Amino acid sequence: MNSLISSKLPKDFYQRDAAELAPDLIGKIFCRKLSSGIIAGRIVEVEAYDGRVDEASHSFGGITRRNEVMFGGGGFLYVYFTYGMYYCCNVVAGIKGTGQGVLIRGIEPIEGIALMSRNRYGRRKVTGQEKINLTSGPGKICIAFGITKKNNGVDLTGDRIFLAEGGDADNFSVVCSQRIGIKKSRELEWRFFIEGNNYVTKHKLNKTFKTFGSQ
DNA sequence: CCACGGATTGGCT
DNA sequence: GCCAATCCGTGGA
């Protein structure tokens, strides 16, 4: 795990437009250090939001109490509450004042699976299908990682919640599609994911993806 | 496998 | 009052 910390992504990695940052977040490691242990996983699905041009973005209508973290410049965590019971988290993107973020939608667990399971199901052991269900969606990720409103605004260059380089195992192809669960700005193809990965949200758009790039 | 509806509360008109 | 960047259980094909 020291290798994760030494490859922590620097602030300037995040200081560019969300639509550009988003595909580069695929394959990176999302890590949380708790007193009970480390929870970490590989990002496999994201969506970009940019309030300057994107009506679906929480930041589209200008700064409010809820979305102010999105305007603070890249490299912070924006956590919001939705549907009366779920949290979702974004990596803030861009330069200060622009109101951009990248929603983390799918993570492949790497470390701390028992901790994730305790948070999701109240017990440490998981079956195969339950493991896939741990983090295959934005609300599920926040439950598994124990992320709530209290973590809104956390600096991602700190030592408790951060992103790290993916290491040597990142042979995958990134594809894109329209975003999921929104009604405005549907035409933007700002959802990026690893084709065929088990931890990508199950959706019919998974069949109509477009190739985007590979590493 | 797929489609649909209910849960439940904060944010904004 | 209306609606939401979701999830889960149910019911039918």
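Since this is a predicted model, take the numbers as computed values, not measurements. In what follows, chains are A, B, ... by sequence order, proteins preceding strands, each numbered from 1.
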Hey, does A:Arg105 reach any base, or is it just sugar-phosphate, or nothing, if we go heavy atoms under 4.0 Å? sugar-phosphate
Report yes if a side-chain nitrogen or oxygen of A:Lys140 is closer than 4.0 Å to either non-bridging phosphate oxygen (OP1 or OP2) of C:dT6; otherwise report no. no
Hey, which of these two, A:Thr64 or A:Gly84, hits DNA chain B nearer its 5' end, going by closest nucleotide? A:Gly84
Residue pair A:Tyr121 / A:Asn133, side-chain heavy-atom distance below 4.5 Å: yes
5'-most by nearest nucleotide on DNA chain C - A:Gly181 or A:Arg120: A:Gly181
Under 4.0 Å, heavy atoms only, any strand: does A:Leu103 hit a base, just the sugar-phosphate, or nothing? base
Rounded distance in Å - NE2 (A:His203) to C1' (B:dA3): 12 Å
Kindly compute the distance separating CD1 (A:Ile110) from CD1 (A:Ile38), expressed to the nearest 0.5 Å. 12.0 Å
Winner on side-chain proximity to A:Asn90, out of C:dA4, C:dA5, C:dC7, is C:dA5
Rounded to the Å, how far apart are A:Tyr87 OH and C:dT6 P? 16 Å
With rounding to the nearest 0.5 Å, note down the distance linking CD1 in A:Ile43 to CZ in A:Phe193. 16.0 Å
How many whole angstroms separate atom CZ of A:Arg66 from atom C1' of C:dC3? 11 Å
With a 3.5 Å cut-off and no angle check, do the side chains of A:Glu130 and A:Ser117 form a donor-acceptor pair? no
Go through C:dC7, B:dG11, C:dA5 for me and flag the one nearest to the A:Lys149 side chain. B:dG11
Based on Watson-Crick and G-U pairs with both distances under 3.5 Å, what dot-bracket line describes DNA chain B 5' to 3', crossing pairs as [ ] and inter-strand pairs as |? |||||||.||||.
Between C:dT6 and A:Tyr86, is there a base-stacking contact, meaning the centre of the base's six-membered ring lies under 5.5 Å from the residue's ring centre while the planes stay under 30° apart? no
Aromatic ring proximity A:Phe212/A:Phe192, centre distance under 6.0 Å: yes
Nearest-angstrom distance from the residue atom NE2 of A:His58 to P of B:dG11: 11 Å
Base C:dA5 to side chain A:Tyr80, donor-acceptor N/O within 3.5 Å cut-off: yes
Determine whether the aromatic ring of A:Tyr83 stacks with the base of B:dA7, defined as ring centroids separated by less than 5.5 Å and ring planes inclined by less than 30°. no
Which nucleotide in the list B:dA7, C:dA5, C:dC8 gets nearest to the side chain of A:Tyr78? C:dA5
Under 6.0 Å between ring centres: does that hold for A:Phe30 and A:Phe162? no
Nearest whole angstrom, please: distance from the C1' of C:dC8 to the CG of A:Asn133. 9 Å
Select one nucleotide: of C:dC8, B:dT9, B:dC2, the one nearest the side-chain heavy atoms of A:Lys207. B:dC2
cation_pi(A:Arg16, A:Phe13) dist<6.0 Å, angle<=45: yes
Find the distance A:Glu45:CD to C:dA5:C1' and express it as a whole number of Å. 11 Å
What does A:Arg191 touch in the nucleic acid at a heavy-atom separation under 4.0 angstrom: a base, only the sugar-phosphate, or nothing? nothing
Whether A:Arg179 engages the ring of A:Tyr49 as a cation-pi pair (distance to the six-membered ring centre under 6.0 angstrom, angle to the ring normal within 45°) should be assessed. yes
Nearest whole Å is fine: how far is C:dA4 P from A:Tyr49 OH? 12 Å
Taking atom C1' of B:dC12 as reference, at what distance in whole Å does atom CZ of A:Phe60 sit? 15 Å
Return the nearest nucleotide to the side chain of A:Phe81; candidates are B:dT9, C:dA5, C:dC8. B:dT9
Classify the nucleic acid contact of A:Lys204 as base, sugar-phosphate or nothing, counting any heavy atom under 4.0 Å across all strands shown. nothing
